[in-house]
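The structure that follows is given in the form of structure tokens.
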Amino acid sequence: MNARYPVIIIGAGPAGLAAARALFDAGVKNVLLLEREAEAGGVPRHCRHPTFGIQTFYRPMNGDRWAARIRQRIEHHYEIRTNTTVVSLNPGGVLEISSDRGLETLYAERIIIATGVRETPRHARLVSGLRPQGVLTAGALQQFIYLRKLKPGNCPVIVGSELVSFSAIWTLRNAGIRAVALIDENLRPTAFKLSTLYARLMGVEVHLGAHITRINGTERVESIAFRDAAGQERVMACDSLIFTGRFTGEYTLIRTSHLLHEADSGRPIFDQYGCCSDPAYYAVGNMTHPADMGDQCYQEGLRIGRFVAESLRAEASTSFQVPVILHEVFKIAAPNVVRCDTGSQASLTLNVRVNRYHHGEIRVMDRQKILYRKRHRCLPERRILLRGIDISALTADSQLTITI
Ligand SMILES: Cc1cc2nc3c(=O)[nH]c(=O)nc-3n(C[C@H](O)[C@H](O)[C@H](O)COP(=O)(O)OP(=O)(O)OC[C@H]3O[C@@H](n4cnc5c(N)ncnc54)[C@H](O)[C@@H]3O)c2cc1C
């Protein structure tokens, strides 16, 4: 039988590397990290803009340099097996993995799932038209340009108006390419309002409230048809189309496993310690809340790593779980259940996202009792933290409802 590890971490991105660092600091020996890419570091490896590092090293750093630094904090202490994909999760900490060594089974007392996010590609957005070459995501664009030194096209159109959409303009510029336009269905940019000014200063047309109706071209993208905010049908010549953002978690493993998960999204059920429905499994990083910034995921990874280290030492205690129920304005809450036991912290932070704009009060209730109330200005895709929720009086029949 193969060796049993105390902890195996799936995914060596910022969250997985941070959890590993916390385990090392807590004195846990022989932790294994599994990473399907050829190199550890996760998404920041192919980000060349200085939006990383402030919380970790107190200075702005390009993603690739930041990824190298957080990798160095761990690679001399624990084995990181790259080019290794986890293909199934089984009860009690049993993993199937695939690599050039073939299929193997590994065992661990705790498994931390830190598999990150993916962007919503064209087919999932139901954009019609033929299937020419030149349609990609912002993540793929970064990999083409920075890792493979390839140009995906000369006159691309960017779809979306999240932060990552504007970072795509920057990525293209670094390769000497100017985007023709940035198009989004929303009437206001999902990122900050000023971001459209940045796009225009970079010579990129901005069309908000616009719907792509067709991608034209047989071999390669030749143009797109779209309906602008005034309802006018238009055609724009371009040779590539970059779908950006609309992040979803990398849930393939969860959906096919025994772990309880949300039926619509596949997001695992997990408590404030990251613990899933099988106590051998923990979840952390962007897969639990698509999508926060790299530094934020790193801080969270440190926190969950400490909880996992404690769980290896702790005696099993009697606990109960309280579900988190969402008003329809809310899209997700992380965590989605709350664990209560004698050792639990009395205060909870919820990380939530909204489906639509909301400016006003948010309340967290246990049946009729208000546990938290505060005014928030909420925009879709933005991280909203509800801090300091008093959970000390929750009982086994409590229901934590987030409402407006
Ligand atoms: C295109 C894009 C641009 C971004 N730009 C910025 C930015 O400018 N600034 C910023 O702060 N944040 C940015 N982010 C967000 C940032 O990358 C994330 O916050 C951070 O990488 C999340 O860390 P993570 O460890 O949760 O996930 P990831 O970084 O995604 O790491 C997950 C790792 O798990 C591995 N993995 C997945 N499934 C398996 C499996 N089955 N077996 C083995 N390994 C597996 C993946 O290969 C990956 O390395 C961006 C994200 C994207 C997608």
Side-chain angles (χ1 to χ4, degrees), residues 118-142 144 151-173 175-248 290-291 329 331 353-359 377-382:
R118 53 171 67 181
E119 291 164 283
T120 302
R122 173 224 175 141
H123 68 268
R125 299 184 195 224
L126 306 177
V127 178
S128 65
L130 298 168
R131 302 206 162 269
Q133 279 184 32
V135 180
L136 63 163
T137 60
L141 172 78
Q142 291 177 344
F144 268 118
K151 279 192 179 189
N154 290 311
C155 45
V157 166
I158 297 169
V159 186
S161 65
E162 297 176 38
L163 279 177
V164 66
S165 322
F166 296 93
S167 85
I169 296 178
W170 181 265
T171 303
L172 288 164
R173 182 181 169 273
I177 305 165
R178 182 169 60 80
V180 186
L182 181 142
I183 290 190
D184 193 27
E185 294 177 358
N186 296 326
L187 280 166
R188 58 170 297 152
T190 309
F192 308 102
K193 266 191 180 159
L194 278 180
S195 48
T196 53
L197 180 66
Y198 162 74
R200 290 191 174 105
L201 284 173
M202 302 287 276
V204 180
E205 279 179 34
V206 176
H207 295 275
L208 296 175
H211 295 258
I212 297 179
T213 50
R214 195 178 161 77
I215 302 172
N216 300 313
T218 40
E219 293 291 308
R220 168 117 216 150
V221 174
E222 288 167 10
S223 65
I224 53 161
F226 69 100
R227 193 177 311 113
D228 69 15
Q232 203 179 341
E233 301 290 342
R234 300 174 60 162
V235 173
M236 181 180 286
C238 57
D239 66 359
S240 41
L241 201 55
I242 301 156
F243 287 96
T244 61
R246 283 209 208 162
F247 293 104
T248 59
V329 79
K331 186 173 166 190
R353 298 282 184 287
V354 288
N355 288 310
R356 58 179 160 80
Y357 176 73
H358 167 70
H359 190 184
R377 187 165 169 273
C378 311
L379 291 161
E381 309 300 338
R382 298 270 177 90

Side chains of V157 and I242 in contact at under 4.5 Å (non-hydrogen atoms):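 The answer is no; the side chains never approach within 4.5 Å.
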
Separation between CG of L136 and CD of Q142, rounded to the nearest 0.5 Å: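 The CG atom of L136 sits 10.5 Å away from the CD atom of Q142.
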
Donor-acceptor under 3.5 Å (R220 side chain, D239 main chain): yes

Any D184 side-chain heavy atom under 4.5 Å of V159 side chain: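 Side chain of D184 against side chain of V159, heavy atoms only: no contact under 4.5 Å found.
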
I212 side chain near I183 side chain, heavy-atom distance below 4.5 Å: yes

Closest heavy-atom pair and its distance - F166, S195: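 Scanning both residues completely, I find the closest heavy atoms to be CE2-O, 3.2 Å.
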
R125 side chain vs T120 backbone, donor-acceptor pair below 3.5 Å: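 Yes; at least one donor-acceptor contact below 3.5 Å.
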
Main-chain N/O of S223 paired with R214 side-chain donor or acceptor, under 3.5 Å: no

is_close_aromatic(H207, F226), centroid dist under 6.0 Å: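 Ring-ring flag for H207/F226: true, centres closer than 6.0 Å.
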
Side-chain heavy-atom pair N355, P380 within 4.5 angstrom cut-off: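 No; the side chains remain at least 4.5 Å from each other.
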
Euclidean distance, M202 CE relative to L172 CG, rounded to 0.5 Å: 9.0 Å

Exceeds 12 heavy-atom contacts within 6.0 angstrom, atom CZ of R118: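 12 or below, so no.
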
Sidechain-backbone polar pair: N186 side chain, R188 backbone, donor-acceptor under 3.5 Å: no

Closest non-hydrogen atom pair between T244 and G160, with its separation: OG1-CA, 3.6 Å

Residues E381, K331: salt bridge by 4.0 Å N-O rule: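 K331 and E381: salt-bridged.
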
Where V135 and F243 come nearest, the two heavy atoms and their spacing: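 Heavy atoms only, the tightest pair is CG1-CE1, 3.5 Å.
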
Heavy-atom donor-acceptor pair, R382 side chain to T190 backbone, under 3.5 Å: yes

E205 and R178 ion-paired at < 4.0 Å: no

P156 side chain near L241 side chain, heavy-atom distance below 4.5 Å: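 Counting from C-beta outward, P156 and L241 never come under 4.5 Å.
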
Y198 side, atom OH; W170 side, atom CH2 - distance, nearest 0.5 Å: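 Nearest 0.5 Å value for the OH-CH2 distance: 5.5 Å.
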
Steps toward side chain to side chain contact (heavy atoms under 4.5 Å, CB included) verdict (L208, T196): CA-CA 10 Å; L208 296 175; T196 53; 4.3 Å; yes

Min side-chain heavy-atom separation N216-V221 under 4.5 Å: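 Answer no - side chains too far apart.
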
